[in-house]
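What follows is a short report on a single structure.
Chain letters run A, B, ... following the sequence lines, proteins first and then strands; every chain starts at 1. Computed from a prediction, not measured in an experiment: that's the story for all the values here.
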Number of protein chains: 2
Amino acid sequence: MSRETAARGRRPKRGRTRQALMDAALDLVAKKAPFSSLSLREVTKRAGVVPTAFYRHFPDMSALGLTLLDESFRTLRQMMREVRQHELPSERMIRGSLETFFTYVRNNRTHFLFVSKELYGGSATMRQAIRREIRLFVSELAMDMARFPFLTQVSAEDLQMMASLVVNGVVALTQEMLELDEDDEAGQHEMLILAEKQVRLIYFGVAQWRSGSDQPASAAMSAE
Amino acid sequence: MSRETAARGRRPKRGRTRQALMDAALDLVAKKAPFSSLSLREVTKRAGVVPTAFYRHFPDMSALGLTLLDESFRTLRQMMREVRQHELPSERMIRGSLETFFTYVRNNRTHFLFVSKELYGGSATMRQAIRREIRLFVSELAMDMARFPFLTQVSAEDLQMMASLVVNGVVALTQEMLELDEDDEAGQHEMLILAEKQVRLIYFGVAQWRSGSDQPASAAMSAE
DNA sequence: CTTTTTAGTCAACACCTGTTCACAAATATT
DNA sequence: AATATTTGTGAACAGGTGTTGACTAAAAAG
């Protein structure tokens with residue numbers, strides 16, 4: 001009683017409230033509205049904390065949002081690193097990368113859900129931050145692709161465009177995957193297959209980009 | 001004073017309030033938060049109407065949202081029709097279609113902004129409705145592509161995939177274009193060029209899909 | 001152990017929210 | 001011209017909102 005007045009008492013938690021607030025916000029975003037329509041009180045209530053406690057950790061909601069964004073990006077970059085160091089033979093490369101990616105999506109559903117909803121629905125600074133991160137993602141992918149045996153002849157510019165095509169496709173598929181039920185394994189597998197198909201198509205298209213005899217694409221392109 | 005108390009008096013408007021409410025909501029979405037975080041009072045205030053007047057036209061905000069969605073889709077389908085009946089030679093086809101599309105985006109900025117933000121940030125029913133419309137868009141595009149001379153050999157399934165790739169790309173570029181300043185013509189032109197480049201790449205990739213000697217892509221694909 | 005700093009509670013505020021109801025003006029119908 | 005219907009008004013409600021300030025328990029620092 002004196003040490004732990006369980007129900008109403010003040011639990012120490014040792015700075016764990018901050019994380020509780022972040023988790024609460026993520027939860028609410030995942031199963032309710034986008035972050036921008038969450039209220040401070042709503043978040044604190046779910047975190048099991050009185051409203052005013054919020055200010056001990058964040059100046060306002062938008063600060064929470066940016067922190068959440070940061071946390072999500074950390075996850076994303078970690079995944080990127082994991083994908084890159086796999087170094088599979090080019091045959092299994094695409095499939096392997098996509099598999100790790102989608103596994104990450106499954107295991108960090110709330111993070112991806114959060115980013116997904118903020119990409120176009122969030123505040124200006126949020127959108128900007130996310131798009132910056134995506135651009136970075138594209139650049140890294142373009143660099144990786146440059147080492148592909150059958151892409152060595154492609155210009156850096158074309159690689160960049162190709163990478164953004166791939167990322168666009170994966171982003172779109174990710175968002176569709178997030179719409180699926182959490183344990184719809186069949187649907188998720190189907191998405192993986194489709195993603196691989198699409199990526200392969202792009203790779204194949206670019207690989208042939210300048211190796212054809214008539215080069216219709218590049219010719220038409222430079223005609224602007 | 002007795003007939004027309006100008007400032008405070010009751011203007012007839014003849015059912016024009018409904019449209020005023022819709023326009024107000026679009027305006028707010030365009031320059032502020034996503035639709036889901038708009039308040040009824042906010043909308044009525046901007047429409048120059050007392051809050052209770054809202055209920056004369058819509059049962060609640062979500063009904064307004066669905067109506068807005070409907071209006072936006074009408075715009076989109078009209079554009080689709082316009083693009084399809086142009087019937088340009090395949091050389092200029094891609095460019096022409098993209099030009100009409102992006103012109104529509106410019107001329108209906110608020111509608112596209114609305115749809116863009118609701119695609120992932122909106123309510124479940126909204127997201128569902130939008131994605132349904134996009135799928136429809138993809139199917140129509142796939143049918144159009146089937147008549148392309150150099151795509152006649154491609155299977156319907158592959159065409160569908162290819163079309164969704166194109167639409168994904170265009171959607172992504174549209175969203176990026178909406179981030180641009182309204183009168184940044186240079187940036188918008190650049191987007192058009194990039195879009196054409198991407199679409200051409202996809203077309204080219206698929207056209208070569210099964211015409212190569214070793215067919216690496218299709219072989220790898222069917223190996224699932 | 002004593003002091004200081006951190007991290008939580010509680011009460012209160014001014015404001016904004018959706019929605020109701022009774023009323024009146026503008027328009028449509030007869 | 002008289003009546004009925006639609007459409008906008010104004011006051012009022014119960015409740016949610018962000019933020020303040022003074023207070024106190026718990027943890028860290030001395």
Side-chain angles (χ1 to χ4, degrees), chain A residues 1-25 27-29 31-68 122-123 125-126, chain B residues 1-25 27-29 31-68 122-123 125-126:
Chain A
M1 207 255 279
S2 59
R3 271 212 67 118
E4 289 194 2
T5 42
R8 248 178 150 277
R10 201 153 311 189
R11 296 158 295 172
K13 300 191 204 174
R14 263 289 291 154
R16 224 160 289 196
T17 301
R18 186 185 155 96
Q19 191 61 44
L21 287 170
M22 294 170 63
D23 292 348
D27 269 24
L28 287 171
V29 168
K31 65 186 61 167
K32 249 204 61 180
F35 181 79
S36 53
S37 57
L38 290 189
S39 77
L40 185 151
R41 291 180 107 105
E42 210 176 354
V43 173
T44 56
K45 186 183 292 182
R46 184 173 206 85
V49 151
V50 95
T52 48
F54 183 93
Y55 297 99
R56 299 294 179 193
H57 303 278
F58 306 98
D60 54 26
M61 280 294 285
S62 79
L64 209 203
L66 290 179
T67 306
L68 246 26
S123 71
T125 50
M126 279 234 180
Chain B
M1 210 256 275
S2 60
R3 271 209 67 115
E4 288 195 2
T5 41
R8 254 176 146 278
R10 199 152 315 189
R11 295 157 294 172
K13 300 191 204 175
R14 262 291 288 155
R16 225 161 289 198
T17 300
R18 186 184 155 97
Q19 191 61 45
L21 287 170
M22 293 170 62
D23 292 347
D27 269 23
L28 287 171
V29 168
K31 65 186 64 165
K32 247 204 60 177
F35 181 79
S36 53
S37 56
L38 290 189
S39 77
L40 185 152
R41 291 179 108 106
E42 210 177 355
V43 173
T44 57
K45 185 183 293 183
R46 183 174 205 86
V49 152
V50 95
T52 50
F54 183 93
Y55 297 98
R56 299 294 181 190
H57 303 279
F58 305 98
D60 53 27
M61 281 292 286
S62 80
L64 209 203
L66 290 179
T67 306
L68 246 26
S123 70
T125 50
M126 280 233 180

Set of residues satisfying side chain to side chain donor-acceptor pair (under 3.5 Å) with respect to [X], sequence neighbours excluded:
X	result
A/Asp23	A/Gln19
A/Thr67	none
B/Thr125	B/Ser123

Inset, instruction - Taking only heavy atoms on the protein side, list every residue of residues 51-60 of chain B lying under 4.0 Å from any atom of DNA chain D, sorted numerically. - result: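 The answer is B/Thr52, B/Ala53, B/Arg56, B/His57.
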
Taking atom [atom2] of [N] as reference, at what distance in whole Å does atom [atom1] of [X] sit?
X	N	atom1	atom2	result
B/Leu38	C/dC16	CG	C1'	14 Å
A/Leu21	C/dA7	CG	P	12 Å
A/Arg16	D/dA27	CZ	P	11 Å
B/Arg41	D/dC13	CZ	C1'	11 Å
B/Lys45	C/dT17	NZ	C1'	11 Å
B/Glu42	C/dT19	CD	C1'	18 Å
B/Arg46	C/dT17	CZ	C1'	19 Å
B/Leu28	C/dT17	CG	P	11 Å

Inset, instruction - Report yes if a side-chain nitrogen or oxygen of A/Ser39 is closer than 4.0 Å to either non-bridging phosphate oxygen (OP1 or OP2) of D/dG16; otherwise report no. - result: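 For D/dG16, neither OP1 nor OP2 has a side-chain N or O of A/Ser39 closer than 4.0 Å.
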
Pairs of donor and acceptor atoms involving the side chains of residues 33-46 of chain B, under 3.5 Å and at least two apart or interchain, shall be tabulated with distances.
from, atom 1, to, atom 2, distance (Å)
B/Ser37, OG, B/Pro34, O, 3.0
B/Ser39, OG, B/Glu42, N, 3.0
B/Glu42, OE1, B/Ser39, N, 3.1
B/Glu42, OE2, B/Lys32, NZ, 2.6
B/Thr44, OG1, B/Leu40, O, 3.3
B/Thr44, OG1, B/Arg41, O, 2.8

Legend entry - Intermediate values then yes/no, side chain to side chain contact (heavy atoms under 4.5 Å, CB included), A/Arg18 and A/Leu21: CA-CA 5 Å; A/Arg18 186 185 155 96; A/Leu21 287 170; 5.6 Å; no

Legend entry - Pairs flagged by salt bridge (charged side-chain N to carboxylate O under 4.0 Å, His left out) wherever residues 49-63 of chain B is involved - sequence neighbours left out: none

Inset, instruction - Would you mind telling me which of D/dT9, D/dA12, D/dT19 lies closest to the side-chain atoms of A/Leu40? - result: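 The closest nucleotide is D/dT19.
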
